[in-house]
Protein chains: 2
Amino acid sequence: MKLTSKGRYAVMALVDLARFDTINPVSLRDISLRQGISLDYLEQIFSKLKKNQIVKSTRGTQGGYFLSKKPNEIKLTNILNAVDEKVKTVQCKKESKKGCNGKATKCVTHDLWDELETHINTFFEKKSLQDLLKNNSERVN
Amino acid sequence: MKLTSKGRYAVMALVDLARFDTINPVSLRDISLRQGISLDYLEQIFSKLKKNQIVKSTRGTQGGYFLSKKPNEIKLTNILNAVDEKVKTVQCKKESKKGCNGKATKCVTHDLWDELETHINTFFEKKSLQDLLKNNSERVN
DNA sequence: TCTAAACTTGACCATTTTAGTCAGGTATGT
DNA sequence: ACATACCTGACTAAAATGGTCAAGTTTAGA
């Protein structure tokens with residue numbers, strides 16, 4: 001399974017964006033400063049978010065990024081998938097088409113990981129950016 | 001988050017053990033052959049399982065491992081913790097005591113990962129070895 | 001008692017992933 | 001025109017992963 005800082009950064013940045021893009025686009029520099037994430041790394045992340053139509057951007061002075069949908073329409077699933085944090089559980093070896101580990105049958109834990117994957121994805125499908133905004137609306141940071 | 005092959009191997013091996021240790025202890029060599037897991041790697045894994053009192057062993061010819069409890073008393077949580085597959089979500093930076101990323105406050109996603117962690121742990125606490133045995137009792141492998 | 005099977009321990013390592021950095025762009029509002 | 005901001009791709013240090021290798025110790029059974 002994969003679920004690392006990159007996914008966390010993406011979510012943090014988008015929450016930041018959701019709170020500040022109401023008037024003008026938000027520059028990555030501002031997000032970088034507020035959230036303590038490297039600017040160069042943010043650019044990589046936003047490149048993916050843009051490809052996946054989660055954010056849009058305008059260039060030039062006073063340019064920046066803004067959400068392409070309303071916060072309640074952006075699910076965490078969308079964000080994590082966009083930055084390649086696919087919530088996939090351990091893969092059984094890929095060489096075999098039907099089974100795992102080169103055997104003819106599925107390994108004994110195969111269904112288990114499938115089930116877990118669903119369990120986690122459900123969690124992320126229910127949560128939207130809006131949910132995170134609510135919980136943090138009073139915070140300064 | 002961490003959840004890799006090591007955890008999967010541990011679960012696979014223990015399901016195997018649960019099915020074959022009814023008469024005699026099971027050697028790692030047998031498990032290695034049946035499950036397609038490197039013997040040397042299995043030894044590392046079982047060393048941890050033993051330290052955590054999930055299995056016991058006898059030495060010598062015809063020796064091997066056996067479960068120290070009944071399958072329905074061994075939860076997946078126990079197994080995964082034993083092999084250091086702690087289901088921990090991404091850590092916010094550790095230097096700061098109160099907040100994340102060196103800020104005074106918790107980062108906006110802090111509670112989210114906590115919640116996810118609980119969500120996943122609940123899943124693993126409900127599942128026991130016995131549950132996996134049931135689903136696979138008819139399989140040959 | 002001898003020996004092979006099996007457990008035990010610890011060091012080592014190749015590969016992959018992660019979390020970035022660096023260097024150079026291109027576009028555009030003022 | 002120029003500063004600001006987006007955009008792209010190559011690169012990399014450090015850590016994690018998924019093992020291997022070597023050198024034991026222990027003990028059942030011939």
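Just so it is clear, the model here is predicted, and its values are computed rather than measured. A, B, ... follow the sequence lines: proteins, then strands. Residue 1 opens every chain.
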**Asked** Using a cut-off of less than 4.0 Å, is there contact between a side-chain N or O of Y9(B) and OP1 or OP2 of dG19(D)?
**Response** yes
**Request:** Select one nucleotide: of dA5(D), dG29(D), dA19(C), the one nearest the side-chain heavy atoms of S27(A).
**Result:** dA5(D)
**Asked** Nearest-Å distance, CG (L28(A)) to P (dG20(C))?
**Response** 15 Å
**Prompt:** Can you check the I45(A) CD1 to dT18(C) P distance for me, whole Å?
**Reply:** 13 Å
**Message:** For H119(B) and H119(A), take the angle between the two ring planes, folded into 0 to 90°, and tell me which bin it lands in: parallel under 30, tilted 30 to 60, perpendicular over 60.
**Reply:** parallel
**Asked** Within this structure, what is the CG-to-P distance between D40(B) and dT20(D), rounded to whole angstrom?
**Response** 6 Å
**Prompt:** Does T61(A) place a side-chain N or O at less than 4.0 Å from the phosphate oxygens OP1/OP2 of dT30(C)?
**Reply:** no
**Request:** Using the closest heavy atom to pick a nucleotide of DNA chain C for each, name whichever of G60(B) or L39(A) lands nearer the 5' end.
**Result:** G60(B)
**Prompt:** S68(A) versus V55(A): any side-chain heavy-atom pair under 4.5 Å?
**Reply:** no
**Asked** Base, sugar-phosphate, or nothing: which does F46(A) touch, judged by heavy atoms less than 4.0 Å apart?
**Response** nothing
**Request:** Using a 4.5 Å cut-off on heavy atoms from C-beta on, say whether the side chain of N52(B) contacts that of N78(B).
**Result:** no
**Request:** Give the rounded distance in Å between these two atoms: CD of E43(A) and P of dT21(C).
**Result:** 11 Å
**Request:** Kindly determine whether V26(A) and F66(A) satisfy side-chain contact (heavy atoms from CB on, under 4.5 Å), including the steps that lead there.
**Result:** CA-CA 7 Å; V26(A) 179; F66(A) 50 95; over 6 Å; no
**Asked** Taking N and O atoms by type only, does the side chain of Q44(B) place a donor or acceptor under 3.5 Å from a partner on the base of dT8(C)?
**Response** no
**Message:** What is the separation between atom NZ on K48(A) and atom P on dG9(D), rounded to the nearest whole Å?
**Reply:** 12 Å
**Prompt:** How are the rings of Y41(B) and Y9(B) set to each other: parallel, tilted or perpendicular (split at 30° and 60°)?
**Reply:** perpendicular
**Item:** Integer-rounded Å distance: dT8(C) C1' and L42(B) CG
**Value:** 14 Å
**Asked** Among residues 49-59 of chain A, which contact DNA chain D at a heavy-atom distance under 4.0 Å?
**Response** K50(A), S57(A), T58(A), R59(A)
**side-chain N/O S38(B) vs dT20(D) OP1/OP2, d < 4.0 Å** = yes
**Request:** Looking only at non-hydrogen atoms, find the nearest pair between S38(B) and S32(B) and report the distance.
**Result:** C-OG, 4.2 Å
**Item:** Close side-chain approach of D16(A) to D21(A), heavy-atom, < 4.5 Å
**Value:** no
**Atom pair distance, as rounded to whole Å: CG in D30(B) and P in dA5(C)** = 12 Å
**Separation of dA5(C) P from R29(B) CZ (nearest whole Å)** = 8 Å
**Asked** Of the nucleotides dT18(C), dT20(D), dC7(D), which has the atom closest to the Y65(A) side chain?
**Response** dC7(D)
